[in-house]
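Remarks on the structure that follows.
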2 protein chains.
Amino acid sequence: MASRPRVRLDPQDRRAQLIALGLQILSARPASQVAVDDIAEAAGISRGLLFHYFSSKREFHLAVVQAAADELLTATDPDDTLPALEQLRLGLEAFVSFIERKHELYVALVRGSAGADPDLHAIFEDHRDKVAGRVCRVLGDAGGRPEVRTAVRGWLAFCEETVLHWMAHRTMRRQQLVMLCEQVVVAAVAAVLPPEDLPAWYREQAAAVAAAVPADAAARD
Amino acid sequence: MASRPRVRLDPQDRRAQLIALGLQILSARPASQVAVDDIAEAAGISRGLLFHYFSSKREFHLAVVQAAADELLTATDPDDTLPALEQLRLGLEAFVSFIERKHELYVALVRGSAGADPDLHAIFEDHRDKVAGRVCRVLGDAGGRPEVRTAVRGWLAFCEETVLHWMAHRTMRRQQLVMLCEQVVVAAVAAVLPPEDLPAWYREQAAAVAAAVPADAAARD
DNA sequence: CCGCGTTGTTGAGCTCGGTTCAGTACTCCC
DNA sequence: GGGAGTACTGAACCGAGCTCAACAACGCGG
């Protein structure tokens with residue numbers, strides 16, 4: 001095959017092209033099953049150039065995963081002017097939509113970074129911490145407590161797993177999924193805080209959840 | 001270095017030795033950073049023999065991860081004769097203890113299998129499904145519902161993340177951690193089931209949780 | 001329009017590590 | 001003690017990540 005004409009790009013553009021390509025390719029199959037040649041060929045460049053932009057295949061992988069995490073973070077960026085509960089719900093909706101559009105990317109790049117490489121894991125950890133930070137900020141003063149952060153982190157894992165399992169098996173209506181996640185965060189935070197430390201809007205929400213669910217049993221006492 | 005005397009073992013013993021060694025080594029650093037030579041040398045055998053027992057490095061890795069999953073599964077094996085709530089609590093306690101003893105193994109092998117290799121992922125998926133099955137069985141008839149399974153899967157992810165974050169940051173007392181997980185499973189399952197479908201013991205638990213938490217707010221209505 | 005420096009780009013070749021396989025040596029049994 | 005069966009070895013192979021010296025596209029001054 002006659003090599004195509006040599007194309008010259010700004011380093012910035014080239015890098016962007018390679019990362020965009022990486023998002024595609026590494027969503028479809030794991031890095032260990034993708035040869036550097038595959039990436040280079042898909043980009044229409046030589047192996048050597050890839051190593052000019054990324055000092056190793058691993059570093060390329062890191063850059064792509066970081067890009068995926070950033071993409072998710074901006075896709076779920078909340079509107080600070082809205083009331084807290086609204087921010088939570090919209091954030092959840094945005095997350096579900098993101099997974100619906102790109103769950104392969106999410107599984108392969110964001111969640112998939114958990115094991116394997118410590119640096120990959122660090123990116124994932126950082127991402128989750130940023131999201132947890134957002135949620136905690138919404139919770140107000142109580143969000144600063146370390147035990148609340150643990151609960152929120154757990155809740156994020158809950159949402160991730162629930163949404164992915166839902167995507168795969170469609171076990172309920174979409175709205176029901178969002179409500180499930182909402183109710184769980186209420187329960188999780190309430191479980192680690194004395195009631196007097198809960199934000200006012202939050203207490204009302206918790207009361208509503210509590211009242212709605214085991215209605216007759218609660219009525220007995 | 002004069003090679004040590006050739007040691008001959010039963011294939012069964014040799015395999016067990018190699019997997020035990022794999023559990024150690026692969027807990028400490030990721031498979032991609034462990035050479036086949038490292039494993040062989042640590043085991044006191046030649047590279048070739050490892051390939052006699054496992055057709056590839058990847059298959060060795062799979063066998064080790066499977067062993068780790070099995071270990072966790074037996075460590076948290078519940079006693080079917082106990083009441084449901086007791087089984088849940090004991091299972092949680094056992095899980096926390098397991099992580100306390102071997103969180104590196106857990107992170108590297110069980111959880112860490114999420115991304116990367118589809119076969120590794122399948123082992124993880126299978127493991128989580130078995131645990132979810134246990135929990136659903138405890139829930140009785142309601143546990144058969146698909147939406148309950150989604151909620152339970154999410155809850156397992158919640159427990160995993162919560163316990164690992166707790167291990168790293170010690171943000172609360174151990175007992176509080178277990179209670180947090182208990183209360184969240186109650187909330188999660190209650191959120192996807194109409195109250196009349198909840199098991200009786202479960203409704204009482206849910207009512208107790210609900211009553212205890214936002215006490216004054218609930219009292220207002 | 002032509003040289004010339006800058007710099008994006010190339011690809012042959014090196015190295016390292018997973019994999020193979022023909023051969024070795026231990027052990028058991030007659 | 002010799003032969004068969006089998007656990008085991010290690011040198012050679014091969015493919016994929018990585019290096020580096022050379023190349024070619026573009027901009028600019030003359």
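Quick note on labels: first sequence line is chain A, next is B, and so on, each numbered from 1.
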Taking only residues two or more places apart in sequence or in another chain, which ones pass side chain to side chain donor-acceptor pair (under 3.5 Å) with [X]?
X: A/Asp10; result: none
X: A/Arg14; result: A/Gln17
X: A/Thr74; result: none
X: A/Gln24; result: none

Show me the donor-acceptor pairs within less than 3.5 Å that the side chains of residues 98-107 of chain B make with the rest of the protein, sequence neighbours left out.
| unit_1 | atom_1 | unit_2 | atom_2 | d |
| --- | --- | --- | --- | --- |
| B/Glu100 | OE1 | B/Arg174 | NH1 | 2.5 |
| B/Lys102 | NZ | B/Glu71 | OE2 | 2.5 |
| B/Tyr106 | OH | B/Glu160 | OE1 | 2.6 |

> Under the side-chain contact (heavy atoms from CB on, under 4.5 Å) test, which residues partner A/His169, sequence neighbours left out?
Replying inline: A/His165, A/Thr171

> Which whole-number value in Å describes the distance from A/Leu49 CG to D/dG17 C1'?
Replying inline: 16 Å

>> From CG of A/Asp10 over to C1' of C/dT6, roughly how many Å is that when rounded to an integer?
In response: 14 Å

> Of all residues at least two apart in sequence or in a different chain, which pass the salt bridge (charged side-chain N to carboxylate O under 4.0 Å, His left out) check with A/Arg29?
Replying inline: A/Asp38

>> Counting primed atoms plus P, OP1 and OP2 as sugar-phosphate and everything else as base, spell out the protein contacts along nucleotides 14-20 of chain C at 4.0 Å heavy-atom distance: B, S or - for each nucleotide, 5' to 3'.
In response: ----SBB

>> Walk along nucleotides 23-30 of chain C from 5' to 3' and tag each nucleotide B, S or - by protein heavy-atom contact under 4.0 Å, base first, then sugar-phosphate.
In response: -BSBS---

> Going through the distances and angles, do A/Thr76 and A/Arg134 end up as a side chain to side chain donor-acceptor pair (under 3.5 Å)?
Replying inline: CA-CA 10 Å; A/Thr76 56; A/Arg134 280 184 184 171; 3.1 Å; yes

> Tell me the side chain to side chain donor-acceptor pair (under 3.5 Å) pairs involving residues 43-54 of chain A, sequence neighbours left out?
Replying inline: A/Asp37-A/Arg47

> What residues form a ring-ring contact (aromatic ring centres under 6.0 Å, His included) with B/Phe60, not counting sequence neighbours?
Replying inline: B/Phe54

> Using a cut-off of 4.0 Å on non-hydrogen atoms, how would the nucleic acid contact of A/Tyr53 be classed: base, sugar-phosphate, or nothing?
Replying inline: sugar-phosphate

>> Below 4.0 angstrom, which residues in residues 11-22 of chain B have at least one non-hydrogen atom near DNA chain D?
In response: B/Pro11, B/Arg14

